[in-house]
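Below is one structure, written out as structure tokens; comments come after it.
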Amino acid sequence: MKKAFITGVAGQDGSYLSEYLLKKGYEVHGLVRRNSVPENQSSRLDFINKNFHTHYGDLLDEGGLNKLISELMPDEIYNLAAQSHVRISFDIPQFTAKTNAIGVLNMLEAFRLNAPNARFYQASSSEMFGISVDSDGFQRETTPFIPVSPYGCAKVFGFNISNNYKKAYNLHIVNGILFNHESPRRGSNFVTNKVVKTAVEIKMGLRKRLELGNMDSYRDWGHSKDYVRAMHMILNNDKPDNYVVATGKTFSVREMVEYVFGKLNLDFNKYVFQNPKYLRPEELPYLKGDSSKLRNNFDWKPEYTFETMLDEMIVFWNNELG
Ligand code: G4F
């Protein structure tokens with residue numbers, strides 16, 4: 001039985017990845033940051049079975065990471081934990097940099113010193129590209145990074161240090177450069193789930209308005225379930241390498257809002273307003289990923305479309321709130 005260790009296990013991707021690996025027969029161990037509201041730690045983990053175990057810890061607690069990895073001796077390590085909200089990274093830049101940059105280094109050291117024969121997946125992000133776009137309108141593995149947020153800057157460090165460790169110490173380390181990915185399990189302060197949840201509340205008469213920031217940015221939105229499959233494939237290839245994971249299609253926030261409200265037979269112009277508090281000091285205006293490298297090397301393509309992903313989220317909130 002293969003053993004996986006996942007940091008950020010209580011998050012959207014951590015929970016879907018755990019389910020995916022448990023189905024494949026893995027023993028799964030997850031790192032959970034202690035929170036005073038226990039439901040916040042376990043709400044996405046209700047699939048718990050006998051091969052699933054959680055451990056308290058934090059990416060900034062090197063001693064704890066060393067202890068856990070030396071005790072567990074996992075075959076696969078997925079470093080998904082992060083301060084994952086881009087706008088909030090402007091409010092807490094030092095904490096974001098510590099967690100998303102030094103936290104990666106702490107994990108790499110715990111892995112290198114205790115379980116160097118394991119394989120290590122680093123959750124890198126399309127936010128690293130920032131304002132950089134190739135002339136054909138795509139971002140890909142060779143596109144330079146020009147990050148525009150403390151989050152993006154810290155993720156670039158995580159990407160660079162993991163590549164450095166791979167070469168310097170001959171370790172099996174891979175990066176998935178994931179574009180935005182959503183699901184009913186997405187935190188409701190990210191734009192897709194905020195829009196879907198609030199639109200359903202408006203439809204039910206529970207709310208009157210939706211306040212957003214910039215509606216003119218474009219994102220390449222996929223589904224988290226499709227993307228955790230890619231994580232596993234990338235890590236299990238014998239040649240460690242870095243891959244973009246994306247749908248190759250881009251939509252503006254406004255188009256996404258229009259689709260969701262339209263599905264609920266609502267005219268979004270009547271309900272959606274801009275609130276400057278949701279604007280960012282610097283915005284990433286446009287993302288569209290070219291995942292040809294991944295698609296040419298592996299049997300991967302997304303099962304969800306932009307529309308089926310949002311439809312699933314609408315059904316979820318209708319059931320949850322209904
Ligand atoms: O949903 P978002 O907060 O996602 P963002 O900033 O693109 O970051 C996500 O994707 C990254 C991958 O590129 C990940 F690395 C990162 O961890 C995270 O998962 O915002 C999407 C867009 C932005 O342009 C934002 O300005 O929606 C715009 N937006 C407009 N109004 C809003 C809002 N975003 C949020 N969160 N809340 C709003 O009210």
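All of these numbers come straight from a predicted model, not from anything done at the bench. Heads up: numbering here begins at 1 and tracks the sequence. Order of appearance sets the numbers: ligands from 1, and atoms from 1 within every ligand.
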Check this for me: does any side-chain nitrogen of one of Arg254 and Asp216 sit under 4.0 Å from a carboxylate oxygen of the other?
yes
Test: Lys249 and Asp220 ion pair at under 4.0 Å:
no
ring-ring contact (aromatic ring centres under 6.0 Å, His included) partner of His232, chosen from Tyr16, Tyr78, Tyr26
Tyr26
Report, in ascending order of atom number, the atoms of ligand 1 lying under 4.0 Å from any heavy atom of Val86.
6 (O), 8 (O)
Among Ser84, Ser125, Ser252, whose heavy atom sits nearest atom 15 (F) of ligand 1?
Ser125
Tell me the protein heavy atom at minimum distance from atom 24 (O) of ligand 1, and give that distance in Å.
Ser217 OG, 2.6 Å
Protein heavy-atom partner closest to atom 20 (O) of ligand 1 - residue, atom, separation in Å:
Arg280 NH2, 3.4 Å
among protein heavy atoms, the one nearest atom 4 (O) of ligand 1 is Asn180 ND2, 3.5 Å
Pair Glu211, Arg209 - check salt bridge (charged side-chain N to carboxylate O under 4.0 Å, His left out), show working.
CA-CA 7 Å; Glu211 293 185 352; Arg209 52 195 280 135; 3.3 Å; yes
Under 4.0 Å from any heavy atom of Val253, which atoms of ligand 1 are there?
22 (C), 27 (O), 28 (C)
Please could you name the atoms of ligand 1 that Glu283 approaches to less than 4.0 Å, counting only its heavy atoms?
23 (C), 24 (O), 25 (C), 26 (O)
Provide the number and element of each atom of ligand 1 under 4.0 Å from a heavy atom of Arg186.
9 (C), 18 (C), 19 (O)
At what distance is the nearest protein heavy atom to atom 39 (O) of ligand 1, and which residue and atom is it?
Lys194 NZ, 2.7 Å
Check whether Phe90 forms a cation-pi arrangement with Arg280 (NZ or CZ under 6.0 Å from the six-membered ring centre, at most 45° off the ring normal).
no
among protein heavy atoms, the one nearest atom 13 (O) of ligand 1 is Ser126 OG, 2.5 Å
Identify, for atom 21 (C) of ligand 1, the protein heavy atom at the shortest distance, and state residue, atom and that distance.
Val191 CG1, 3.7 Å
Lys288 charged N/C atom sitting above Phe138 aromatic ring, 6.0 Å / 45°:
yes
Looking at atom 36 (N) of ligand 1, what's its closest protein heavy atom, distance included?
Asn189 O, 2.9 Å
Going by the angle between their ring planes, with limits at 30° and 60°, are Phe190 and His85 parallel, tilted or perpendicular?
tilted
Separation between CZ of Phe159 and CG of Asn164, rounded to the nearest 0.5 Å:
12.0 Å
For ligand 1, is there an N or O atom under 3.5 Å from any N or O atom of Tyr151?
yes
With atoms numbered from 1 as shown, which atoms in ligand 1 lie under 4.0 angstrom from a non-hydrogen atom of Arg219?
7 (O), 21 (C), 23 (C), 24 (O)
Which label fits Tyr169 and Tyr165: parallel for a plane angle under 30°, tilted from 30 to 60°, or perpendicular past 60°?
perpendicular
Under 4.0 Å from any heavy atom of Gly213, which atoms of ligand 1 are there?
30 (C), 31 (N), 33 (C), 39 (O)
Distance to 0.1 Å, residue and atom name: give those for the protein heavy atom nearest to atom 30 (C) of ligand 1.
Asn214 O, 3.1 Å
I'd like to know whether ligand 1 has Arg87 as a neighbour, heavy-atom separation below 4.0 Å.
no
Cation-pi, Tyr278 ring and Lys194 (6.0 angstrom, 45 degrees):
yes
Quick note on ligand 1: atoms under 4.0 Å from a heavy atom of Glu127 include exactly 13 (O)
Quick one: which ligand 1 atoms are inside 4.0 Å of a heavy atom on His85?
36 (N)
Under the 6.0 Å and 45° cation-pi test, does Arg34 pair with Tyr56?
no
Is any N or O atom of Tyr278, backbone or side chain, closer than 3.5 Å to an N or O atom of ligand 1?
no
Can a donor-acceptor pair be found between the side chains of His223 and His181 at a distance below 3.5 Å?
no
